[in-house]
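Take a look at the structure below.
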Amino acid sequence: MLAIPDLTGKLVVVTGSNSGTGKEAARRIADAGARVVMAVRTVAKGEQARAEIVARHPHADIEVRRIDLADLASVREFADGLIADGVPLDVLVNNAGVMAPPTRMTTADGFELQMGSNYLGPFALTVRLLPLLLAADAPRVATMSSGVANFGRIRFQDMQWDRRYSPYFAYAQSKLGNLMFTQHLAVVAAERGWNLTSTGAHPGYTRTNLQSTGINLGRDKPTRGLLNRLDFLPSQDVVPGTEPLLHAATSPDVVAGGYYGPGGRFSLVGPTVTARPTRRAMDAATNARLWTESERLTGVAFPASAAL
């Protein structure tokens, strides 16, 4: 099991932490001594998860705050609340996501749900929290991508899938966006002299409710979905499946722009290794174009206080 360094005195935000990899990350980061903010869409589920963590780790300093990454107003409210607290943010873990709704759905701001929730929401959150991150001694942003990013393309001509919606290719686009964001944030941090490390991770094939929740959005009767029918593939439970994200978020051995995932069979299971990003995520010009377009779509850009 991954050895997490002592995080006493650190403030860490983990999105989507009421279940799955987010909950496991919050649990183990809190057990390492950090103060953890569980950023969740449904507060009741977050409080239940918090109670389970505290029952196991009574010393855990952990609280629940609401954020809906599919609503930019909620993202702003969450960020403003943290900024009002005035406590430097040591680590932001962009974990939350939704996968493959069967029909095209939209966010509160009119974005396709996966592009909005998985990419644009975390983008806006990260940029809004930059003043708090840059106030910390050695801040880090760890963003969850997916091996499915290898099949993604950024459809600049139709990023919101207004035409010919494809559940899994839309998911792949959003996860490629996460990986491109990781790379470009690392480049910007280096250019501006920020002591901020941007890292990425993917969980391989980790069994969580991600595979079942999204595919049943809007359905009267639940279905297993494509990935749940691929039961011949190697898979792992949430404890080892969270380790790449924990490594990206806490290990002293990471590098800027580093990408981490399972090193076992088909890169779906096994101990954490350095993963190879798809070439589409390593095109600096395209990454910068996506960043500029994301600023336009969200209305969120680098704040003056975060610029040198």
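Scope of the values below: all heavy atoms of this structure, side chains included, with no hydrogens, waters or symmetry mates.
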Nearest 0.5 Å, please: how far is CZ in Arg76 from CD1 in Ile83? 11.5 Å

Which heavy atom in Tyr168 sits nearest to a heavy atom in Ala100, and how many Å separate them? CE2-CB, 3.7 Å

Taking atom CZ as the centre, does Arg153 end up with more than 12 heavy-atom neighbours from other residues, nucleotides or ligands that are less than 6.0 angstrom away? no

If you define the side chain from C-beta out and look only at heavy atoms, does anything of Ser74 sit under 4.5 Å from Arg41? no

Shared ILVMFWY cluster between Met144 and Phe181, side chains joined below 4.5 angstrom? no

Tell me if a side-chain donor or acceptor on Ser17 pairs with a main-chain N or O of Lys23 at a distance below 3.5 Å. no

Using modelled atom types only, decide if a donor and an acceptor are shared between the side chain of Thr298 and the backbone of Val300 within a distance under 3.5 Å. yes

Donor-acceptor contact present, side-chain Asp158 to main-chain Arg163, <3.5 Å: yes

I need the Phe151 CZ to Ser146 OG distance, nearest 0.5 Å. 9.5 Å

Starting at CD of Gln173, measure out to CZ of Arg155 and round the result to the nearest 0.5 Å. 6.5 Å

For the residue pair His202 and Gly204, what are the closest heavy atoms and their distance? ND1-N, 3.1 Å

Would you check, one step at a time, whether the test salt bridge (charged side-chain N to carboxylate O under 4.0 Å, His left out) holds for Glu63 with Arg65? CA-CA 7 Å; Glu63 67 172 304; Arg65 297 196 187 191; 3.1 Å; yes

Do we see a donor-acceptor contact under 3.5 Å between the side chains of Tyr165 and Gln160? no

Asp137 backbone acceptor or donor facing Asn195 side chain under 3.5 Å: yes

Under 3.5 Å, side chain of Lys175 to main-chain N/O of Asn118, donor-acceptor pair present? no

As an exercise, state the distance from OG1 of Thr242 to CD of Glu24, rounded to the nearest 0.5 Å. 5.0 Å

Identify whether Val254 and Leu245 are in the same connected component of the hydrophobic contact network (ILVMFWY, side-chain heavy atoms under 4.5 Å). no

Test your reading of the model: is there a side-chain donor-acceptor pair from Thr274 to the backbone of Tyr260, 3.5 Å cut-off? no

Do Leu89 and Val12 have side-chain heavy atoms sitting under 4.5 Å apart? no

To check you understand the geometry: which heavy-atom pair defines the closest contact between Pro244 and Thr272, and what is its length? N-OG1, 3.3 Å

Salt bridge check: are Arg28 and Asp31 linked by an N-O gap of less than 4.0 Å? no

Partner of Phe123 under ring-ring contact (aromatic ring centres under 6.0 Å, His included), chosen from Phe302, Phe111, Trp291: Trp291

Output the distance between atom OG (Ser251) and atom CD1 (Ile4), rounded to the nearest 0.5 Å. 10.0 Å

Looking only at heavy atoms, what is the nearest atom pair of Ala281 and Pro277, with distance? CB-CB, 4.5 Å

List the steps and the verdict of side chain to side chain contact (heavy atoms under 4.5 Å, CB included) for Val187 and Asn287. CA-CA 10 Å; Val187 168; Asn287 293 352; over 6 Å; no

As a quick check of understanding, evaluate side chain to side chain contact (heavy atoms under 4.5 Å, CB included) for Phe78 and Leu125, giving each step before the final call. CA-CA 8 Å; Phe78 176 89; Leu125 176 64; 3.7 Å; yes

Looking at Asp162 and Arg104, is any side-chain nitrogen of the basic one under 4.0 Å from a carboxylate oxygen of the acidic one? yes

Do Asn18 side-chain atoms and Lys45 backbone N/O form a donor-acceptor pair below 3.5 Å? no

Between OG1 of Thr107 and CG of Leu72, what distance do you get to the nearest 0.5 Å? 6.5 Å

Residue among Val13, Thr143, Leu132 satisfying side chain to side chain contact (heavy atoms under 4.5 Å, CB included) with Leu92: Val13

Taking the side chain as C-beta and beyond, is there a heavy-atom pair between Gln114 and Tyr119 under 4.5 Å? no

Main-chain N/O of Pro234 paired to Arg265 side chain as donor or acceptor, under 3.5 Å: no

Please check if any side-chain donor atom of Thr286 sits under 3.5 Å from a side-chain acceptor atom of Asp283, or the reverse. yes

Does any non-hydrogen side-chain atom of Thr250 lie less than 4.5 Å from one of Val91? no

Would you say Ile67 and Val75 make side-chain contact, with heavy atoms under 4.5 Å? yes

Should Arg35 and Lys10 count as side-chain neighbours, where that means a heavy-atom distance under 4.5 Å? no

Distance alone, cut at 3.5 Å: any donor-acceptor contact between the side chains of Asn94 and Thr15? no

Taking atom types as modelled, is there a side-chain donor on Arg140 or Thr197 under 3.5 Å from an acceptor on the other? no

Least distance between heavy atoms, Pro102 atom then Pro167 atom: O-CG, 3.8 Å

Are Arg280 and Ile154 close enough that some pair of their side-chain heavy atoms sits under 4.5 Å apart? no

Taking a hydrophobic cluster as the set of Ile, Leu, Val, Met, Phe, Trp and Tyr residues connected by side-chain heavy atoms closer than 4.5 Å, whether directly or through intermediates, do Phe169 and Phe156 fall within one such cluster? no

Evaluate side chain to side chain contact (heavy atoms under 4.5 Å, CB included) for Leu196 paired with Leu130, printing each intermediate quantity in order. CA-CA 10 Å; Leu196 181 149; Leu130 275 174; 3.9 Å; yes

Between Glu77 and Arg66, is there a side-chain N and carboxylate O pair less than 4.0 Å apart? no

Would you say the side-chain atoms of Gln236 pair up with the backbone N or O of Gly270, donor to acceptor, closer than 3.5 Å? yes

If hydrophobic clusters are built from ILVMFWY residues whose side chains come within less than 4.5 Å, do Val37 and Val64 share one? no

Ala256 to Ala186 - nearest heavy-atom pair and separation: C-CB, 4.2 Å

I'd like to know if Leu11 and Val36 are part of one continuous hydrophobic network [Ile/Leu/Val/Met/Phe/Trp/Tyr, side-chain heavy atoms within less than 4.5 Å]. no

A side-chain contact here means heavy atoms from C-beta on lying under 4.5 Å apart; do Val238 and Thr21 qualify? yes

Give a yes or no answer on whether the side chain of Ser174 reaches the backbone of Tyr171 with a donor-acceptor pair at less than 3.5 Å. yes

